[in-house]
Amino acid sequence: MTADRTPRPGVTGDSIRARLLDRALTTAITRAGAPGRIRFTERQLYYEMCRVLRPVHTVPRRVPLTPAPPVRYERFEETLRRRDGEIPGLLAPLPASASMPYRPGEPDLYDYGLPRLLVCQSRSVARMLLANDLHLEAACPVFAADDAPLDPRLVVGLGRVDGATVHVLHDASTAGIALTAQVRAEVPGIRVASMGLVPRHATALHLISQRGPAPTPLPATAPGPAGAPSGLEPREREWLAGGRTAEVESVPPARLLRTVLRMVRGPRTSGHSVWTGLRELRTAGFMTWPSN
């Protein structure tokens with residue numbers, strides 16, 4: 001007697017895949033906002049869903065990996081559109097023409113020295129950091145790269161403080177790595193430091209990477225001691241030459257917030273906000289970018 005292989009009504013391969021993606025999205029929403037009700041972008045949620053479907057982040061860090069995404073962004077968007085109601089923590093899409101940098105509340109604040117400033121390659125990353133009050137916690141104005149040129153009063157404020165630093169947060173890509181030199185040219189005499197990402201960060205953190213056409217080669221030497229290209233290893237240059245990129249938004253939101261805070265200011269001081277929960281991560285295995 002042969003088994004009946006007739007599919008049950010309403011059960012198809014597409015419906016099963018859709019159900020699996022719906023469950024993965026539910027888990028990703030919970031993870032992206034933890035701990036402490038973190039606000040996150042749509043692309044951050046996409047990468048969190050990729051980690052649910054392909055948990056390569058659990059592989060030991062000594063094994064370098066930058067896997068391809070297990071699901072196309074279009075499928076993620078379809079899954080997101082099926083979700084009823086508001087998604088806690090998800091930031092609304094930002095129009096391409098919108099500008100949301102941090103601005104001092106009073107004009108006379110420009111008269112004080114400014115010890116630090118953060119420039120993000122991605123406007124959506126800058127917006128996410130602002131939404132989570134990083135500019136308040138780190139006492140650090142946050143701008144997107146396309147807000148350039150910076151207000152001259154900010155540059156003057158940086159010049160009033162010895163050791164003032166402009167930190168640059170960028171993707172692991174040739175365009176991202178080149179951004180540090182571009183910012184340095186805009187603020188002559190001010191220290192400019194690349195915060196990353198670079199390929200070794202992406203491979204150690206097992207970040208999802210995209211692949212595109214081969215980019216313009218990086219210069220063999222860096223424009224200055226703080227430039228990222230001088231620290232690139234041959235295998236990192238090969239990774240970039242293959243057209244690979246890893247976005248800052250592929251870093252888990254909690255790790256991104258904590259890393260940026262530590263690198264621009266140092267350990268957290270007193271206060272209460274979303275960062276109250278992140279303080280506990282110091283004993284939970286969350287680390288800054290790897291140095292090797």
Side-chain angles (χ1 to χ4, degrees), residues 101-123 125-126 128-130 132-172 176-198 200-201 218-219 221-232 248 251 255-271 273 275 278-279 281-282 286-292:
Y102 166 74
R103 304 290 186 192
E106 298 294 337
D108 63 354
L109 290 181
Y110 285 110
D111 296 333
Y112 295 90
L114 185 63
R116 62 186 69 87
L117 186 145
L118 176 62
V119 176
C120 302
Q121 179 183 5
S122 165
R123 179 171 297 282
V125 168
M128 179 264 183
L129 297 177
L130 290 168
N132 287 289
D133 295 331
L134 181 129
H135 58 299
L136 302 177
E137 293 289 336
C140 177
V142 177
F143 291 86
D146 51 8
D147 291 325
L150 295 173
D151 190 306
R153 293 173 293 177
L154 289 171
V155 179
V156 171
L158 289 164
R160 292 193 182 103
V161 179
D162 290 338
T165 302
V166 177
H167 298 274
V168 182
L169 179 61
H170 56 77
D171 297 338
I177 291 171
L179 179 61
T180 302
Q182 296 170 20
V183 173
R184 184 178 292 111
E186 296 175 13
V187 289
I190 305 298
R191 179 175 181 267
V192 177
S194 170
M195 188 179 292
L197 297 168
V198 293
R200 64 178 175 272
H201 300 153
L218 287 166
T221 58
S230 64
L232 290 180
V248 169
V251 179
R255 182 188 289 271
L256 176 63
L257 289 168
R258 180 174 179 271
T259 298
V260 173
L261 181 64
R262 286 191 60 180
M263 296 186 76
V264 300
R265 187 177 183 183
R268 175 176 159 71
T269 56
S270 60
S273 72
W275 299 90
L278 295 183
R279 178 167 46 185
L281 295 179
R282 296 178 185 176
F286 284 76
M287 306 293 289
T288 186
W289 305 134
S291 58
N292 294 307

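We count residues from 1, following the sequence as given.
Val251 places none of its side-chain heavy atoms less than 4.5 Å from the side chain of His201. Val248 is not listed as a side-chain neighbour of Ser122, based on a closest heavy-atom distance of 4.5 Å or more. A heavy-atom distance below 4.5 Å is not found between the side chains of Cys140 and Arg265. A heavy-atom distance below 4.5 Å is not found between the side chains of Glu137 and Leu134. Inter-residue side-chain proximity for His135 and Leu129 is flagged as unmet; no heavy-atom pair is nearer than 4.5 Å. Annotation: side chain of Thr259 is in contact with side chain of Met263 (closest heavy-atom distance under 4.5 Å).
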Any chance you could lay out the side-chain contact (heavy atoms from CB on, under 4.5 Å) test for Val161 and Arg116, step after step, and finish with the verdict? CA-CA 9 Å; Val161 179; Arg116 62 186 69 87; over 6 Å; no
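When the side chain to side chain contact (heavy atoms under 4.5 Å, CB included) test is applied to Gln182, the partners found at least two apart in sequence or on another chain are Ala178, Leu179. With sequence neighbours left out, the side chain to side chain contact (heavy atoms under 4.5 Å, CB included) criterion links Leu158 to Leu114, Leu117, Ala164, Val166, Ile190.
Between atom CE of residue Met195 and atom CG of residue Leu197 there is a gap of 10.5 Å, rounded to the nearest 0.5 Å. Taking CG of Leu118 as the start and CG of Leu261 as the end, the distance is 11.0 Å to the nearest 0.5 Å.
For Ala172 against Val198, the heavy-atom pair with the smallest separation is CB-C, 3.8 Å.
Proximity of a side-chain donor or acceptor of Glu186 to a complementary backbone N or O of Pro149 within less than 3.5 Å is not detected.
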